[in-house]
Participant: 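Once you've had a glance at the structure underneath, I'll fire off some questions.
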Amino acid sequence: MDFSSPTRALQSLPRRNPALPDDILHAAQVLLDSSNEETKTSDQAYLDAITSLVQLDEERWEGLAVGLLLATDILIEASAAQHKAKAVYIDGPRVPDATISGSDIAVTSRSYTTTQVSEIATLLYNATLKHLEHNEPRIRTFVAKAVGAHATWSIGFTAAGVADPEMMQLHETERNEIYQTIITSINEHIQQGRDNSEKYSKSSTGALDDTTGWRALETNWQCVACWIASLGSAYFEKLQENDMETLLSNLEYSAVTHVNRHVRAAAIAVMEQLVIAAGSDSKYWPYLENGELRTTTIKILKAGLADNWSQVRMAASVLNRVFWSTLQETCHFPTENLQLLYPVLVPRMCLNRFYLAQGVKLYSHQTWKLVFPENGVEVVAQSIASIVRYYVQMCDADNHVVREAACQAVAELAVKIGMDEQHAAVLQPHVAILLQALLMCFHDESWPVRDEACLACGTFCRAYPEECRSELETLWTRWTEQLTDQIWSVRADAAVALGQACQAYGQEFFDRLMKFIKETLPSAKNQPSMSMEEYKALQNNMDAHTDSQLYSCGSLAPKLKKKAGAGRIGCSNCGITRPKQPWEATDGCLYLIRELMDTCSEPDSVIPPLSDELLLPLLQEVADVCRVSHFPQGDELRATLWRQLPGMMNAVGKVRCKRLYLEVFLDLLIRNLESSSASAISKHAAATCAYELGVLIGPNILRGRLFDERQQEVLDRALREREIEERNMAPMLQHQQNQKQFSPFEPPGLLDTPYSQKMQPGLPPELLIQQHPPQTYGGNNRPDGLGDAMSM
């Protein structure tokens with residue numbers, strides 16, 4: 001079924017298999033004919049067809065769903081005519097309204113008398129009471145929206161005061177009876193859950209289907225959210241003190257304790273509407289200033305912002321923004337009142353800006369900028385003790401995604417607090433415990449967690465070198481292990497961490513790194529010989545890929561155990577992994593050499609730029625090692641070299657590159673480009689490298705260093721292909737840079753630099769790679785001489 005619009009829903013009915021009963025199909029055809037001027041039915045015939053769909057007592061649910069959709073749309077249109085908000089709350093304020101096509105307008109946009117709309121309202125009232133706990137979840141969802149539409153229309157209808165008093169009283173009675181029925185159903189479900197807490201709590205290990213235990217609890221809470229959104233602050237006038245206490249208790253149970261994530265998210269949506277309603281009338285501001293509503297909201301946010309399910313975490317993030325904006329912008333509570341929230345909410349708000357789910361991450365980042373537009377660093381410094389406690393706890397969370405985010409958040413503390421002279425002393429007493437938490441994550445079975453812990457340790461050493469010195473030997477062991485890891489990004493980030501540590505500990509650490517490089521760089525020559533046929537046979541070996549590690553999807557729930565080590569509890573090591581290969585150690589050294597050349601060339605480097613006496617023999621050995629061809633992964637090794645070489649040459653500068661280093665790699669580069677057996681990845685990397693070297697020294701100079709016309713043709717062809725690629729990508733890059741948002745949840749400007757390094761809100765923009773515009777090479781457009789040198 002397609003419920004994206006009334007017309008599409010009606011058109012879906014004849015396509016259902018097995019076929020629907022004739023009376024449903026006849027009613028659907030009558031409604032579809034109403035969109036055609038030649039066959040348009042009367043308003044009463046249209047309403048009669050909708051009524052027949054809603055009242056049919058069939059086993060099939062499809063006709064009832066379409067009838068509820070159409071009847072609800074009529075009440076929404078009638079509410080709009082009463083100068084009320086047309087939208088009815090059901091999915092939350094962050095879901096954009098769908099564009100309605102012309103045929104949809106013809107189906108739903110009609111003029112009805114007050115009596116006809118009243119009959120539709122009564123129809124929905126009866127359907128709500130009958131189908132509130134329907135077995136089909138989509139029916140229950142339409143009932144929830146019908147509840148909101150009925151409440152919105154009936155309140156506006158009563159306020160207008162233009163109808164028969166008996167009719168107004170009728171619909172007010174209907175509205176109240178719907179609410180009481182919903183609350184009764186919720187209380188029954190909640191009591192059932194509390195009587196069987198082991199079965200219905202989040203700690204339950206059993207798996208329950210959608211209709212067991214909480215069948216209507218989720219949609220009942222959606223009904224309540226719609227009802228509160230329609231009444232606004234008037235909702236509190238209908239609540240007795242005991243009713244408010246019971247409601248908040250049930251919401252806390254559903255949002256914090258209940259096993260089903262949909263129930264938790266729906267309960268959080270109700271809290272969102274309660275906060276909005278209380279903020280809309282100053283008479284109820286005490287509920288938010290120091291009342292039970294504030295207390296319950298904080299409890300729910302504390303759990304929801306740390307929920308394992310992204311859906312719940314997103315719902316809590318929306319509630320969190322509504323809560324802060326209501327307190328700050330609507331109620332204008334004093335700073336002292338808001339600061340009471342910092343110990344609980346600020347640590348979770350900080351961490352969620354690094355959460356893996358993009359919606360949660362970007363929405364939380366924007367919320368932070370809205371809540372703390374200018375004093376974010378000061379707020380973190382003020383709440384540093386609670387933030388550190390929470391981060392350390394999350395570094396040992398069961399969810400590997402949370403552990404990864406925690407490591408990134410810890411690294412942000414080192415960047416934003418540790419490297420800030422004004423606030424560095426605030427974090428200093430907590431460095432030891434944070435470092436121990438990162439060392440614990442260094443032993444994690446999830447390689448993204450190890451990767452982020454590796455980077456964070458390097459950042460901490462740069463910010464607090466003396467405080468980290470006691471763990472330097474342990475860090476050295478872990479960093480060098482990561483540098484030879486099976487995952488290429490882990491090797492790359494280990495090199496970044498070692499570069500940071502080198503700046504922290506100076507010449508002695510640099511000498512140790514150079515010794516390590518000289519010992520490890522030739523490892524690829526020791527790689528066992530293997531033909532491509534043997535390699536493919538190994539990759540396609542079923543036994544080698546059976547019983548492998550399982551990963552979660554959707555929930556991001558933990559499927560990875562935690563390794564023992566660094567004092568963490570647990571003794572399970574990953575038993576499913578492949579051994580490290582010698583060539584991977586060489587690959588890691590390439591990343592490390594590039595990082596050392598780059599960091600030592602920075603103005604604030606404690607180590608002078610690498611001299612030609614040291615660097616030239618080292619890069620000559622790099623070129624020699626990367627010529628290996630006795631194993632298939634040699635192409636991957638060369639691809640890494642071509643990706644790192646432009647950065648190396650930019651570090652040494654254009655003059656030194658042309659004078660000494662270009663000749664070292666040029667022959668190997670051209671051989672890779674013209675090879676018929678090289679992998680497409682290595683050839684593409686080689687072409688990109690040639691292009692960027694041309695940007696640095698000038699394409700004609702690069703071309704003039706080749707030995708013969710054949711090599712020049714190979715280079716020209718590679719540069720032309722790269723030019724076409726850059727030209728084709730230019731509109732897309734320009735569009736991405738000009739657009740205000742990359743996703744519906746993204747704050748403008750967060751992803752303004754496409755194809756940059758990992759976007760981390762806590763890292764300064766200097767760490768991002770700036771892109772240079774595409775250049776034109778080949779043909780008559782090729783520039784001449786030394787004057788064609790371009791800068792990035």
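Atoms considered below: every heavy atom in the structure, side chains included; atoms not considered: hydrogens, waters and symmetry mates. If you're wondering where the values come from, they're calculated on a predicted model, not measured in any experiment.
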Participant: With a cut-off of 6.0 Å (strictly less than), are more than 12 heavy atoms of other residues, nucleotides or ligands near CD1 of Ile433?
Facilitator: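 12 or below, so no.
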Participant: Is the closest side-chain heavy-atom distance between Thr326 and Cys331 below 4.5 Å?
Facilitator: yes
Participant: For a ring pair (Phe, Tyr, Trp, His ring centres under 6.0 Å) check, start with the C-alpha distance between Trp324 and Phe372, then their side-chain angles and the critical distance, and finish with the verdict.
Facilitator: CA-CA 10 Å; Trp324 280 100; Phe372 307 113; 5.6 Å; yes
Participant: Less than 4.5 Å apart, side chain to side chain, heavy atoms only: is that true for Cys350 and Val380?
Facilitator: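 Yes, side chains in contact.
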Participant: How many angstroms lie between atom CD of Glu412 and atom SG of Cys407, to the nearest 0.5 angstrom?
Facilitator: 13.5 Å
Participant: Could you tell me if the ring centre of Trp476 sits under 6.0 Å from that of Tyr505?
Facilitator: no
Participant: Test of understanding: with salt bridge (charged side-chain N to carboxylate O under 4.0 Å, His left out), list the residues that count as partners of Arg389, not counting sequence neighbours.
Facilitator: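 Expected list: none.
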Participant: Looking only at atom types and distance, does a side-chain atom of Thr520 sit under 3.5 Å from a main-chain N or O of Ile517, one as donor and one as acceptor?
Facilitator: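 Such a contact is absent between Thr520 side chain and Ile517 backbone.
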Participant: Quick one: are Val490 and Cys454 in side-chain contact, heavy atoms under 4.5 Å?
Facilitator: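 A side-chain contact is absent here, since even the closest heavy-atom pair is not under 4.5 Å.
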Participant: Does the side chain of Thr295 come within less than 4.5 Å of Leu248's, by heavy atoms?
Facilitator: no
Participant: Ion pair present between Asp587 and Arg491, side-chain N to carboxylate O less than 4.0 angstrom?
Facilitator: yes
Participant: Run the side chain to side chain contact (heavy atoms under 4.5 Å, CB included) check on Leu596 and Leu592 step by step: do they pass?
Facilitator: CA-CA 6 Å; Leu596 290 177; Leu592 181 55; 4.2 Å; yes
Participant: To the closest 0.5 Å, what do you measure between OH (Tyr363) and CE (Met314)?
Facilitator: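 Nearest 0.5 Å value for the OH-CE distance: 5.5 Å.
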Participant: Does Asp398 pair with Arg403 as a salt bridge, N-O distance under 4.0 Å?
Facilitator: no
Participant: Please identify each residue that fulfils salt bridge (charged side-chain N to carboxylate O under 4.0 Å, His left out) with Glu289, with sequence neighbours left out.
Facilitator: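 Partners of Glu289 by the salt bridge (charged side-chain N to carboxylate O under 4.0 Å, His left out) criterion come out as none, since no residue qualifies.
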Participant: Can you name the salt bridge (charged side-chain N to carboxylate O under 4.0 Å, His left out) partners of Arg261, sequence neighbours left out?
Facilitator: none
Participant: Any idea which heavy atoms bring Leu351 and Met394 closest together, and the distance?
Facilitator: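 Distance-wise, the nearest heavy atoms are CD2-CG, 3.6 Å.
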Participant: Could I get the full list of ring-ring contact (aromatic ring centres under 6.0 Å, His included) partners for Trp285, not counting sequence neighbours?
Facilitator: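 Checked Trp285 against ring-ring contact (aromatic ring centres under 6.0 Å, His included); zero matches.
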Participant: Is there a side chain to side chain contact (heavy atoms under 4.5 Å, CB included) between His423 and Leu427? Walk through the geometry before answering.
Facilitator: CA-CA 7 Å; His423 300 101; Leu427 184 61; over 6 Å; no
Participant: Start with the C-alpha distance between Leu345 and Phe323, add both sets of side-chain angles, then the distance that settles side chain to side chain contact (heavy atoms under 4.5 Å, CB included), and finish with yes or no.
Facilitator: CA-CA 11 Å; Leu345 299 186; Phe323 187 53; 4.3 Å; yes
Participant: Between Tyr591 and Trp488, what is the ring plane arrangement, given parallel below 30°, perpendicular above 60°, and tilted in between?
Facilitator: parallel
Participant: Within this structure, what is the CG-CG distance for the pair Leu439 and Leu434, rounded to the nearest 0.5 Å?
Facilitator: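 Atom-to-atom, Leu439:CG and Leu434:CG are 11.0 Å apart.
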Participant: Is it the case that the side chain of His332 and the backbone of Glu329 share a donor-acceptor pair, with hydrogens and angles ignored and the cut-off at 3.5 Å?
Facilitator: yes
Participant: Taking atom types as modelled, is there a side-chain donor on Ser364 or Arg353 under 3.5 Å from an acceptor on the other?
Facilitator: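 Looking only at side-chain atoms, Arg353 and Ser364 do not form any donor-acceptor pair under 3.5 Å.
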Participant: Looking only at side-chain N and O atoms, does Glu471 offer a donor or acceptor that is under 3.5 Å from a partner on Gln436?
Facilitator: yes
Participant: Checking the side chain of Gln482 only, and the main-chain atoms of Arg450 only, is there a donor and an acceptor separated by less than 3.5 Å?
Facilitator: yes
Participant: Ignoring hydrogens and geometry, is there a side-chain-to-backbone donor-acceptor pair from Lys369 to Glu374 under 3.5 Å?
Facilitator: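 Looks like no, no N/O pair under 3.5 Å.
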Participant: Any non-hydrogen side-chain atom of Val622 less than 4.5 Å from a side-chain atom of Thr586?
Facilitator: no
Participant: Is any side-chain heavy atom of Thr330 closer than 4.5 Å to one of Ser325?
Facilitator: no
Participant: Quick one about Gln366 and Arg321 (side-chain donor to acceptor, distance below 3.5 Å, no hydrogens or angles considered), yes or no?
Facilitator: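 On atom types as modelled, these side chains qualify, holding a pair under 3.5 Å.
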Participant: Give the minimum heavy-atom separation between Asn399 and Val401, together with the two atoms involved.
Facilitator: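 Nearest pair, atom of Asn399 first, then Val401: OD1-N, 2.9 Å.
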Participant: Let me confirm one number: the CG-NZ distance from Leu301 to Lys299, rounded to the nearest 0.5 Å.
Facilitator: 13.0 Å
Participant: Verify side chain to side chain contact (heavy atoms under 4.5 Å, CB included) between Leu251 and Leu274, making sure each step is shown before the conclusion.
Facilitator: CA-CA 11 Å; Leu251 281 169; Leu274 282 174; 3.6 Å; yes
Participant: With a 3.5 Å cut-off and no angle check, do the side chains of Asn337 and Arg294 form a donor-acceptor pair?
Facilitator: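 Present: a donor and an acceptor within the cut-off.
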Participant: Counting only N and O atoms by type, is there a donor-acceptor contact under 3.5 Å from the side chain of Tyr464 to the main-chain atoms of Ala424?
Facilitator: yes
Participant: What are the two closest non-hydrogen atoms of Trp479 and Cys461, and how far apart are they?
Facilitator: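 Closest approach of Trp479 to Cys461, heavy atoms only: CH2-SG, 3.7 Å.
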Participant: Compare every heavy atom of Phe516 with every heavy atom of Leu483, then report the nearest pair and how far apart it is.
Facilitator: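 The answer is CD2-CE2, 3.4 Å.
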Participant: Determine, for Arg512 against Glu473, whether the closest basic-nitrogen to carboxylate-oxygen distance falls under 4.0 angstrom.
Facilitator: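 Yes, charged N to carboxylate O under 4.0 Å.
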Participant: Quick one: does any side-chain atom of Glu584 pair with a main-chain N or O of Gln581 as donor and acceptor, under 3.5 Å?
Facilitator: yes
Participant: Would you say the side-chain atoms of Arg348 pair up with the backbone N or O of Val344, donor to acceptor, closer than 3.5 Å?
Facilitator: yes
Participant: Holding to ring-ring contact (aromatic ring centres under 6.0 Å, His included), I want the full list of residues that pass it with Tyr287, two or more places apart in sequence or in another chain.
Facilitator: Phe236, Tyr284
Participant: Can you measure from CG (Leu615) to CD1 (Ile593) and round to the nearest 0.5 angstrom?
Facilitator: 8.5 Å
Participant: What's the shortest heavy-atom distance between Val410 and Cys395, and which atoms?
Facilitator: CG2-SG, 4.4 Å
Participant: Identify whether the distance between the nearest side-chain nitrogen and carboxylate oxygen of Asp451 and Arg478 falls below 4.0 Å.
Facilitator: no
Participant: For Glu467 and Gln428, which I'm curious about, is there any donor-acceptor pair between the side chains at under 3.5 Å?
Facilitator: yes
Participant: Cation-pi check, Arg313 to Tyr355: give yes when NZ or CZ is under 6.0 Å from the six-membered ring centre and within 45° of the ring axis, no otherwise.
Facilitator: yes
Participant: Gln503 and Ser605: side-chain hydrogen bond (donor to acceptor under 3.5 Å, both in side chains), yes or no, with the steps?
Facilitator: CA-CA 6 Å; Gln503 293 301 314; Ser605 173; 3.2 Å; yes
Participant: Working to the nearest 0.5 Å, report the span between CG of Leu305 and CG of Asn352.
Facilitator: 5.5 Å
Participant: Can you name the salt bridge (charged side-chain N to carboxylate O under 4.0 Å, His left out) partners of Glu378, sequence neighbours left out?
Facilitator: none
Participant: Is there side-chain contact between Phe510 and Leu610, with heavy atoms separated by less than 4.5 Å?
Facilitator: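 Side chain of Phe510 against side chain of Leu610, heavy atoms only: contact under 4.5 Å found.
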Participant: Do Val256 and Arg264 make a side-chain contact, defined as non-hydrogen atoms from C-beta onward lying under 4.5 Å apart?
Facilitator: no
Participant: Between the side chain of Thr296 and the main-chain N/O of Leu293, is any donor-acceptor distance below 3.5 Å?
Facilitator: no
Participant: Give the minimum heavy-atom separation between Val426 and His430, together with the two atoms involved.
Facilitator: O-CD2, 3.6 Å
